[in-house]
Peer 1: 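So that we are looking at the same thing, I have put the structure below in C-alpha cells.
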There are 2 protein chains.
Amino acid sequence: MGNTEKNETNQRIIEAARHVFAERGYAGSRMQEIADAAGVNKGLLTYYDWSKQKLFEAVFADALEQFFGHLDAIIEADMPLINRLESLVDKYVDLLLANPSLPGFVLSEINQNPAFFQEKVQSQQKVPDLSRLLVQIQIAGQTGQIHPIDPFQLLMNVISMCVFPFAGRPMIKGMTGIDDNSFNHLMRQRKAAIMAFVQRALRPD
Amino acid sequence: MGNTEKNETNQRIIEAARHVFAERGYAGSRMQEIADAAGVNKGLLTYYDWSKQKLFEAVFADALEQFFGHLDAIIEADMPLINRLESLVDKYVDLLLANPSLPGFVLSEINQNPAFFQEKVQSQQKVPDLSRLLVQIQIAGQTGQIHPIDPFQLLMNVISMCVFPFAGRPMIKGMTGIDDNSFNHLMRQRKAAIMAFVQRALRPD
DNA sequence: GTCTATAGGTAGATAGAC
DNA sequence: GTCTATCTACCTATAGAC
C-alpha cells in the first residue's frame, strides 16, 4: 500500500475504486468501470501500478479500518457502561450515516471470502478486542448497575440494531419506497430510539 | 434411465447452484463450479436449459421467498403483540439456523443489484406488508399494553437483532474463533435473549 | 443423457505511440 | 502522463460425438 502519494490522478483512481468496489463487490467490478469513474484511461491503472487485487486490498483495508477503528477508541476510553454504550451508538450511527454503503460492502466481501478476513484478524490488529467491554457488562450486572444480562448477547443486540439497517438499506428503501433523505432522517432518529430501548431493557427492577 | 433420473440430475444442478451462488455471489460464481458441485458435466447445464442468469433467478427467487415468506404467516395470524413478536423471533431464528447463509446471500445481492430487487417488490407480492404489524404496535402503545414506541424503530430493532448475527456470521466466527456448533448454540440461546430484552424494553412503567 | 471440443466474447494487463 | 492497440486467459454457451 505504498501508492498513497498525493498525486491527484492516483487519488481519483483510488476514490473511483472505492466507489465501484462498494457498489459491485470485488467479483462484479471491472477495471474499465473504475477507470471510467476516475475519468482516466484504463492503461493508466497499470502506469500507477494498480492491479485489480492491489486496488481492492487498499480499498478493503481502509473499509475495515473505518468499520472497526471507531470501536477501539470507545472501548479504550474509561467511562460508565451506559455512557460507553451511548457513545458507541452515537458515533457508530454517525459513521454509517457518512458511509452508508460500508456495512453492505464489508459484510458481502467477508461472506464471499472469509479466509481473506481471517488473515487480517490474525496478522494485524485491525479488529478490536472486545473483552474489556464484555467484562464491564458482566460486572455492571453483578453490581446491580444494570439488570444482569449475557454480555455477548447485549453487545450483539446493540451492534445489530446500529449496523443492520445500513446493511439492509437497499432492501428497506425498496420495501418502504423512501428516498435517501428520508432514510437518513430515520437513522438520525434511530440513535435516540436505540438508546432509549437499551436503557429501558437494562434498567434494574 | 428414465424421467426420474432426469429430474434427479436437474435437482442436483439446482441444489449445487443454490450452494455456489450463496457462497460466491452471482458475479463470483462459475458455471464450471456449479457443474462440479452437482457432479455433472458442464455441458449438461445447457441440456437442462439452464443459463447462469436463469439458474440465479430460480435460486434467488427461492431465497427471497424463504427470507420473507415466514413473515407473512406471522403477520396474518391474530394474536397479542408480545406473542406475535415472540413468534416472529422464534420462527425467524429457527429459519436462519436452518439456512445460515440466507441473510448474507440476500443482502449481498440486493446491495449489488437494488434494481433487480425493486422489480420483485413491484411486480410480485414476494415482500410482506408490514403495515398491520406497525398499526398494532402503535395501538399497543396507546392503550398502555406496552411503553409507547415508534413502530418502525421497534420492528427494525427486532429484525436487526434476529438477522444481523447471521449476516455477519463469518465476521463473528473470525473475531471470536468459534466453530459452527458453538455459533449455532449461541444463536439458539439468542432467541430467549432477544425476547427477554424486548419484553423488558417494552414493559410499561 | 452425458461427454469432448471449441466458438465467441470479455476482462485484466501491458507494450508502445505520442 | 496519457492514450491506442493488442495479447492472453478465462468464461459462457453450444455443437456434435458417443
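Chain letters run A, B, ... following the sequence lines, proteins first and then strands; every chain starts at 1.
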Peer 1: Go along nucleotides 12-18 of chain C 5' to 3' and tag each nucleotide: B for a protein heavy atom under 4.0 Å from its base, S when only backbone or sugar atoms are that close, - otherwise.
Peer 2: BBB----
Peer 1: Quick check: closest heavy atoms across A:Glu76 and A:Arg84, and the distance to 0.1 Å?
Peer 2: N-NH1, 4.3 Å
Peer 1: Given atom CD of A:Glu33 and atom C1' of C:dT10, what is their separation to the nearest angstrom?
Peer 2: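 Taking CD of A:Glu33 and C1' of C:dT10, I get 15 Å after rounding.
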Peer 1: Can you give me the closest heavy-atom contact between B:Leu96 and B:Cys162, atom names plus distance?
Peer 2: CD1-O, 3.8 Å
Peer 1: Using only atom types and a distance under 3.5 Å, with no angle test, would you say the side chain of A:Asn111 pairs donor to acceptor with the backbone of A:Leu107?
Peer 2: yes
Peer 1: Walk me through whether B:Val93 and B:Arg188 qualify under side chain to side chain contact (heavy atoms under 4.5 Å, CB included).
Peer 2: CA-CA 8 Å; B:Val93 174; B:Arg188 280 193 299 272; over 6 Å; no
Peer 1: Output yes when at least one side-chain N/O atom of A:Asn7 is less than 4.0 Å from OP1 or OP2 of D:dG1, else no.
Peer 2: yes
Peer 1: Atom CG of A:Asp36 to atom P of D:dC3: distance rounded to whole Å?
Peer 2: 11 Å
Peer 1: Could you work out, with side chain to side chain donor-acceptor pair (under 3.5 Å) as the rule, every residue matching A:Gln199, not counting sequence neighbours?
Peer 2: none
Peer 1: What is the distance, to the nearest angstrom, from the OH atom on B:Tyr48 to the C1' atom on D:dA13?
Peer 2: 17 Å
Peer 1: Between C1' on C:dA11 and CG on A:Leu55, what's the gap in Å once rounded to a whole number?
Peer 2: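 My rounded result for the distance is 15 Å.
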Peer 1: Could B:Lys52 and B:Tyr26 be counted as a cation-pi pair, given that NZ or CZ must be under 6.0 Å from the ring centre and within 45° of the axis?
Peer 2: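 Yes, B:Lys52 sits over the ring of B:Tyr26.
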